[in-house]
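Any value given below was found using the heavy atoms of this structure, including those in side chains, with hydrogens, waters and symmetry copies removed. Just so we're clear, the structure is a prediction, and the values are computed from it rather than from any experiment.
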Amino acid sequence: MLTTILRSVIRQARRHPLYVGLNVFGLALGIGVFLALLLLVRFEYSYNSGLADVDRLFRLDTIASNPGTETREYAGTTFYALPFLRQDFPNIENSVRFEEDSFQVRLNGTLVLFRGAFVDPSILEVFGLRLLSGHLDALNRPDGLVLSEKAAKRIFGTSDVLGRTVTVDNHGQMSRHIVTAVTDGVVGPNFLSDFEMMIPISTEHEKSSHCYSRWGSDCGNIYLKVRHAQDQALIQSRLRDFVMRRASGPDDSDIGLGPHPEKTYALALAPLRNGRFYDAHVVAADDGVERNVIDGIGLVGLLALALACANAVNLATARSVLRAREVAIRKTLGGTRKALLVQFLGEALVLTLIAGLLGLALCELLVPGIASLTGENITISYGFVLAVLPLVILGCGLASSLYPAIILSGYRPARILAAARMPSGGRMAARLRDGLVIGQFAIAITIIIGMLVIHQQTEFLTRADQGFVRSGLLIGSAIPSEDIATQQHMHDRLASVPGVLAVTYGMLAPSPDNKSQSTFAYDGPNGPVRVHLLQDKGDENYFRVYQPHMLAGRWFDASRGQDSRPDYKKTPSAMTNIILNETATTRFGFAKPADAIGKVIRAGGRSATIIGVMADLRFESPRQSVYPEIITFDPRFNTQFEQPIPAIRFSDVPVPEMERRLALAWSSVLPDVEGHFQTADARLEKFYRGDEQRGRIFTLGAVAAVMIAALGLYGLSAFAAARRVHEIGIRKTLGATSFQVMMLLLRDFLRPVIIASLVACPIAWAIMRDWLSEFDERISLGPISFIIAVIGALTIAGLTVLGQTIRLARAEPARALRAE
């Protein structure tokens, strides 16, 4: 039987190469796209799964419900809570404090940046990191250092570096460390895979940093390992009481959160398994990915496979009529329906096997491109692929061949041999073909609309008004020194660079690292209104550099003494002038920005008069609403900035050259700290990168879907052209013109595509409306994307069948009738 099947496949390929080629190529394309996207989905779903006992690992998050702001969950919390957690919850088996930071090492005279963290020694054991050398107690010594294999080779050229010394520069603070272990991480993708250095948290660091001694601070993550996975629910249910008991204190306390901390502060255990999806809605979690987006990508891959199978069914049912007489003769000679059914199924499985091998080759070509598009380390796991591929081949082979095989094996010999024309497969087969074409193009049009909307939203976000002028603006690294003289020297040195128009310092900038917040109150007509405000401080050049849009009032003026921020340590109750953003005025209850001018807000014993309202500056993710903000004025460095972020307005100099000049100026003041200057777009790019990358993946799916649908339509048009030669000959004999015939044929071919458009548009509208709702700023879901997708599908379908249509319409009637 196998020999018969192989001979039949070869014979069919020789007699009908078009049908066989379209069938195999369409299946190969569907299988290749499916496998490639499946590997991407597998990568996302397996994130962190390689960590030891991952079901018992959780990150402690902070949930802030500050007055006048939305409730937000933050991927971090105060380290001050950890000792109390260990005391109150015996269910906690182990814990790790993790303070991410960047370290620099001088290599060949150049400072090289490494991503690292200050950690507890328990990190190696808690996460099950594999050690190439060293022991689990590698970080017990204060000057210990754990390197990744990659970092060891970057620094020393080899991974055999145990006991060697590394001088680390942490924002200007130099320290010497001994390499006590080298790790190659854990199996599979995880949040630790990009970290290259781990340094133990020092006692001096604990004493100097507020996040180790105050409840309201946050500078890192706490990871907990519970004794049993089900302990998570028990601990979570008791965390509110824990906050009430441990975080409460008087209103004027620097350590506690007031008499009722549970009203504004909560803790939550975030699971590390599938934490990538959980973090999509957590602030300051850079690894977050929307689960529905990943599921959507997986669905695109599955639909590509389904389209390929539908394409095979269409072509097989159409091609089955060409084998009707073969079936009739074989049955006349004694062939059974069962034997024919087995043969036709076998032929389909052989063709699907060939398509599967070609699809695997296509997958190998696609995966590196997808890895490049997403920025993730996605590779082909041949063990996984070779386990899935046979199931795909078997499933596709049976799905695409069962119905055509039933039709073929069911032909009646007498009727076939007595007929003057080949059978069409009946109404049911015709309806099936039309239904599959409608389904194919409905799927393709839906994916195209999604691709266009994602592209439009991404373009809108990158070009939208952020409240400040981005062109001609460069942002530097935070200055690590809090010495006023050093800050002034850096300011003067940067300002002297040729091409620089103005230099300003601020506590905030696009993609800020550190944020300071306080609650202010306004005595409104309906009673006090309290709003939690994000604080920034600017000097006299702030307006010139960022060029914010003023909505009401005025900007600060150095000649007006009350504009300048006082030294609250010397005069704690001094009045000052401030500027709010538009969101803050709305939260305080002002109907319009102008209503806020002249009003007084208070925080503790301090009072501030609102002299101006500016448009919101969007320094963070477009998915989050803008935080209410307050700006104070410090024109002449009267008070020190805490790690100020320099911003430079420049002109008439190319960006790379200006970055180089500013870096040289920076190194003349702080030679041991890298001054990394970037455009505002570069700093904000991480907030848009994920949507851009996944938009390109949808583009890949859309192209594949359209190609598969077009292949199927081309095959069907060839089949229809062959069957309608006699009909067209009669029409032309009766006076029909070639143009009329061509319009008739195009109408018949494009009717399923038009129906598909009517099906796809409402489905795509519902899906994309839900996706757009996740953004604080978004485009309106207008008709343009739908019109483009529908016209594009009709155009592609028209061009696909145009050749067959023209050839059939121009055929000579006499020749067509004689052939029939």
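In terms of modelled atom types and a separation under 3.5 Å, the side chain of Asp279 and the main chain of Val282 share no donor-acceptor contact. When atom types are taken as modelled, the side chain of Arg273 and the backbone of Val54 share no donor-acceptor pair closer than 3.5 angstrom. One N or O on the side chain of Ser148 and one on the backbone of Ala151 form a donor-acceptor pair closer than 3.5 Å.
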So Glu100 and Arg115, salt bridge (charged side-chain N to carboxylate O under 4.0 Å, His left out) or not? Walk me through it. CA-CA 8 Å; Glu100 182 178 347; Arg115 188 180 182 189; 3.0 Å; yes

Could you please spell out the steps behind the side chain to side chain contact (heavy atoms under 4.5 Å, CB included) verdict for Asp120 and Ile201? CA-CA 6 Å; Asp120 285 322; Ile201 297 171; 3.9 Å; yes

Could you go through Glu659 and His676, starting from their C-alpha distance and side-chain angles, then the distance that decides it, and tell me whether this counts as side-chain hydrogen bond (donor to acceptor under 3.5 Å, both in side chains)? CA-CA 8 Å; Glu659 290 175 345; His676 190 49; over 6 Å; no

Could you check Asp483 against Gln487 for side-chain hydrogen bond (donor to acceptor under 3.5 Å, both in side chains), going step by step and ending with a plain yes or no? CA-CA 6 Å; Asp483 177 61; Gln487 293 178 3; over 6 Å; no

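With sequence neighbours left out, the ring-ring contact (aromatic ring centres under 6.0 Å, His included) criterion links Phe543 to Trp555. Here Asn541 pairs with nothing under the side-chain hydrogen bond (donor to acceptor under 3.5 Å, both in side chains) rule; sequence neighbours left out. Shown here are the side chain to side chain contact (heavy atoms under 4.5 Å, CB included) partners of Glu657, two or more places apart in sequence or in another chain: Val653, Pro654, Arg660, Arg661. Legend: residues meeting ring-ring contact (aromatic ring centres under 6.0 Å, His included) with Phe195, ordered by chain and number and at least two apart, are Phe98. Applying the ring-ring contact (aromatic ring centres under 6.0 Å, His included) test to Phe633 and every residue at least two apart in sequence or in another chain returns Phe556. Listed by chain and number, the residues in a side chain to side chain contact (heavy atoms under 4.5 Å, CB included) with Ser668 are Arg493 (sequence neighbours excluded). Remark: Phe619 pairs with Phe468, Tyr546 by the ring-ring contact (aromatic ring centres under 6.0 Å, His included) rule, at least two apart or across chains. Taking the side chain to side chain contact (heavy atoms under 4.5 Å, CB included) definition, one finds that Val626 meets it with Asn581, Thr583, Asp616, Arg618, sequence neighbours left out.
Under the 4.0 Å criterion applied to side-chain N and carboxylate O atoms, Asp61 and Arg59 are assigned as salt-bridge partners. Here Glu620 pairs with Lys515 in a salt bridge; the nearest charged N to carboxylate O distance falls below 4.0 Å.
Nearest approach of Val500 to Leu494, heavy atoms of both residues: CG2-O, 3.6 Å. Taking both residues in full, the closest heavy atoms of Glu149 and Ser159 are given as CG-CB, 4.1 Å, listed atom of the first, atom of the second, then distance. The shortest non-hydrogen separation linking Leu57 to Ala52 is CD1-O, 3.4 Å. Residue Ile475 comes nearest to Ala509 through the heavy atom pair CG2-CB, 3.8 Å, listed as atom of the first residue, atom of the second, then distance. Across all their heavy atoms, Leu617 and Pro548 have their closest contact at CD2-CB, 4.1 Å. Leu39 and Ser381 get closest at one heavy-atom pair: CD2-N, 4.2 Å.
Applying the disulfide (SG to SG under 2.5 Å) test to residues at least two apart or on different chains, none of the pairs has a partner in residues 461-508. The salt bridge (Lys or Arg N to Asp or Glu O under 4.0 Å) analysis of residues 179-193, with sequence neighbours excluded, yields the pairs Arg130-Asp184. Applying the salt bridge (Lys or Arg N to Asp or Glu O under 4.0 Å) definition to pairs two or more places apart or across chains, those involving residues 45-54 are Asp53-Arg56, Asp53-Lys225.
The environment of CD in Glu206 is crowded: more than 12 heavy-atom neighbours from other residues, nucleotides or ligands sit within 6.0 Å. No more than 12 heavy atoms of other residues, nucleotides or ligands sit less than 6.0 Å from atom NE2 of His455. Atom CD of Glu459 has more than 12 heavy atoms from other residues, nucleotides or ligands within 6.0 Å.
The CE atom of Met198 sits 10.5 Å away from atom CZ of Phe103, with the distance rounded to the nearest 0.5 Å. Residue Leu131 holds its CG atom at 9.5 Å from OG1 of Thr180, rounded to the nearest 0.5 Å. Separating the CG atom in Asn221 from the CG atom in Asp218 is a distance of 7.5 Å, to the nearest 0.5 Å. The distance from the CD1 atom of Ile222 to the CD atom of Glu99 is 11.5 Å, given to the nearest 0.5 Å. Rounding to the nearest 0.5 Å gives a distance of 8.0 Å between OH of Tyr382 and SG of Cys363.
No hydrogens or angles considered: a donor-acceptor pair under 3.5 Å links the side chains of Ser518 and Gln535. A donor and an acceptor atom, one from each side chain of Tyr542 and Gln547, are nowhere located under 3.5 Å apart.
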Result block: side-chain N/O donor-acceptor pairs under 3.5 angstrom for residues 160-168, not counting sequence neighbours:
none

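For the pair Arg276 and Tyr47, the cation-pi test (distance below 6.0 Å, angle within 45°) is passed. For the pair Arg154 and Phe114, the distance from NZ or CZ to the six-membered ring centre is under 6.0 Å and the angle to the ring normal is within 45 degrees.
When ring centroids are compared, Phe127 and Tyr223 come within the 6.0 Å threshold.
The side-chain contact (heavy atoms from CB on, under 4.5 Å) test with Phe650 singles out one residue from Val655, Leu473, Val497, and that residue is Val655.
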